[in-house]
Student: 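Dropping a structure here in structure tokens format, bear with me for questions.
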Amino acid sequence: MKKLTFILISLLIIKVVHSQVKHDFVWIMGDDGYAANPSSPDYYEIGGVNIFDFNEGEFVINRDFRDTDFFLTNASVCDSGGDLFFYTNGCSVFRPDGELMENGAGLNPGVAYSSGNCPQNGNPVHQGALILPVADNDSLFFLFHKAFVLGDGPPFLVYPGELHITTINMKANNGEGSVVSKNNLILEDTLNEDLQAVRHPNGVDWWVFTSSLKDNLYYRILVTEDGVMGISGQAIGPKPDPLVGAKSVFSPDGQHFARYDRTNQLLLYDFDRETGLLGNLLKLDADTTEDGRDGSVAFSSSGRFLYVNSTLRVYQFDLEESDVQSSRVLLGEYDGFKYKDIFPATFGLMQLAPDCKIYFPTRSSTPFYHVIQYPDRKGLACGFQQRGLPLIATNIASIPNFPNYRLGTGFPVCDSTIQLVVHSVPVLPPRAEVLVYPNPASNYVTIELPQALASGAEWSLYNGVGQAGRFATNGKGSDEGGGGVGRCAAGVVFLGN
């Protein structure tokens, strides 16, 4: 009997761990253009990509060097336990180690490639990708993604004109995952850059939303485990400004839908998750019509506070006030900071994170995210900080696009006890040259690195037939010429520090 009880408890624990729904617990972003030019003096200082990990009750930022650039399109997904499954920059699908997933190349064919953004630099569509689990399992995922098309001219403008669906099977290719169906066109129109999703009340299906750039038309797409089951449109509210586009977001509880564009400002709708219909429009003025073309919206985890930003200003609205418009609070204005005196740190798209904070990137290449520390506090107490989150690598306007995966699961939207505890020490890029001389050597060899390494790195020495010799995990070097230089006995490996 005791043995049976133990087995039942163990199965219960496994069930709980598996059901934590941590699909958004790893983020990847970065301007890894420096990786294409290791001779750049900034390569080791700010090159690479940032990897955010919200697991284990901690928020850890790591840096890695890989052949992945991000521009605007960005989406990633973990298994339900929080281990990264794959990610995309809108050009390709990548495994967690940065290697191309099987059949993962060639997303969004067309203008992104002829313009040079793909395959290397990243698809240039805000909110241009979104990943949904199929029937809430860890095997199949649907990736929705938008491609730019060339409009009729002159002028020959480009705009998001195609919505595609791609299917990823994580059990394929010996468990490394495979793109089993790709670039299936499901919607063709002049589209905004908004792409959002919310879970259906049945707990399995999803509503995917996007909108027309020319008309007051919202597309709602019902997605089941069998794929796209229907696409319908709803005409409601004002038309967007066709020259600036719009960004949107669902509230964490799925009861509201907000959209921002510079001309119409902030549009707040009620949303019916059963029917997928919008209603009861409330139009709010954020006073940002002169602040540039881009902006975004985000809800606090409770859904009480709605945030809107332009490129230059950030505002908060309190949706529990009887007069929501009068609750508007200016949280901050762009302070003029330019990274390296060149790149302005203006405001990009906002995203609610697993630690209950709201993060948003700068609009140009900088190693910073802006942050709202306490989104569920009223007014200035929310703690908006320009460049409040230093990054390890630079990033250009990129942040992952996530729905609320935990809606209807019994798990909270986010966990405010998650604390930022560490920034990892930058690692030596895999393509860096290591000089070892003299060769051959009898007494000592000198090992010279292009940069100093942190303690904890390990060197191993191999002979001419590939057999491992001695190794070392500590040592003392110098930083001559910006690198680590050391000398050790022949056959003994030296760790630069």
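Both backbone and side-chain heavy atoms feed into the values below; hydrogens, waters and symmetry mates do not. The first residue in the sequence is number 1, and the count goes up from there.
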Student: With the threshold set at 4.0 Å, does a side-chain nitrogen-carboxylate oxygen contact exist between K378 and E321?
Tutor: yes
Student: Please say whether more than 12 non-hydrogen atoms of neighbouring residues, nucleotides or ligands are located less than 6.0 Å from CG in D335.
Tutor: yes
Student: So do C91 and Q120 actually touch side chain to side chain, heavy atoms under 4.5 Å?
Tutor: no
Student: Residues in salt bridge (charged side-chain N to carboxylate O under 4.0 Å, His left out) with D323, at least two apart?
Tutor: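 Listed in chain order: nothing, the list is empty.
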Student: Okay, side chain of S365, backbone of T394: is any donor-acceptor separation there less than 3.5 Å?
Tutor: no
Student: Identify, with sequence neighbours excluded, every residue that meets salt bridge (charged side-chain N to carboxylate O under 4.0 Å, His left out) alongside D294.
Tutor: K247, R363
Student: Which residues satisfy the disulfide (SG to SG under 2.5 Å) test with C414, sequence neighbours excluded?
Tutor: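 So C414 forms a disulfide (SG to SG under 2.5 Å) with C356.
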Student: Can you tell whether the side chains of K22 and D83 come within less than 4.0 Å, N to carboxylate O?
Tutor: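 A salt bridge is absent here (no side-chain N lies under 4.0 Å from a carboxylate O).
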Student: Once salt bridge (charged side-chain N to carboxylate O under 4.0 Å, His left out) is applied, do any residues pair with D189, and if so which ones, sequence neighbours excluded?
Tutor: none
Student: Run through F299, F209, F402 and flag the one making a ring-ring contact (aromatic ring centres under 6.0 Å, His included) with F250.
Tutor: F209
Student: Using the salt bridge (charged side-chain N to carboxylate O under 4.0 Å, His left out) rule, collect all pairs that involve residues 273-287, keeping only residues at least two apart or in two chains.
Tutor: D287-R313
Student: Y269 ring centre to R259 NZ or CZ under 6.0 Å, with the angle to the axis within 45°?
Tutor: no
Student: Kindly indicate, with the supporting measurements, whether the criterion side chain to side chain donor-acceptor pair (under 3.5 Å) is fulfilled by S301 and D376.
Tutor: CA-CA 7 Å; S301 61; D376 268 311; 2.8 Å; yes
Student: Got a sec, which pairs hit salt bridge (charged side-chain N to carboxylate O under 4.0 Å, His left out) with one end in residues 169-188, sequence neighbours left out?
Tutor: R95-E176
Student: Can you check whether Y315's main-chain N or O pairs, donor with acceptor, with R328's side chain at less than 3.5 Å?
Tutor: no
Student: Taking the cut-offs as 6.0 angstrom to the six-membered ring centre and 45 degrees off its axis, would you call K357 and Y374 a cation-pi pair?
Tutor: yes
Student: Can you tell me how far NZ of K214 sits from CG of N192, rounded to the nearest 0.5 angstrom?
Tutor: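 Reported to 0.5 Å precision, the distance equals 12.0 Å.
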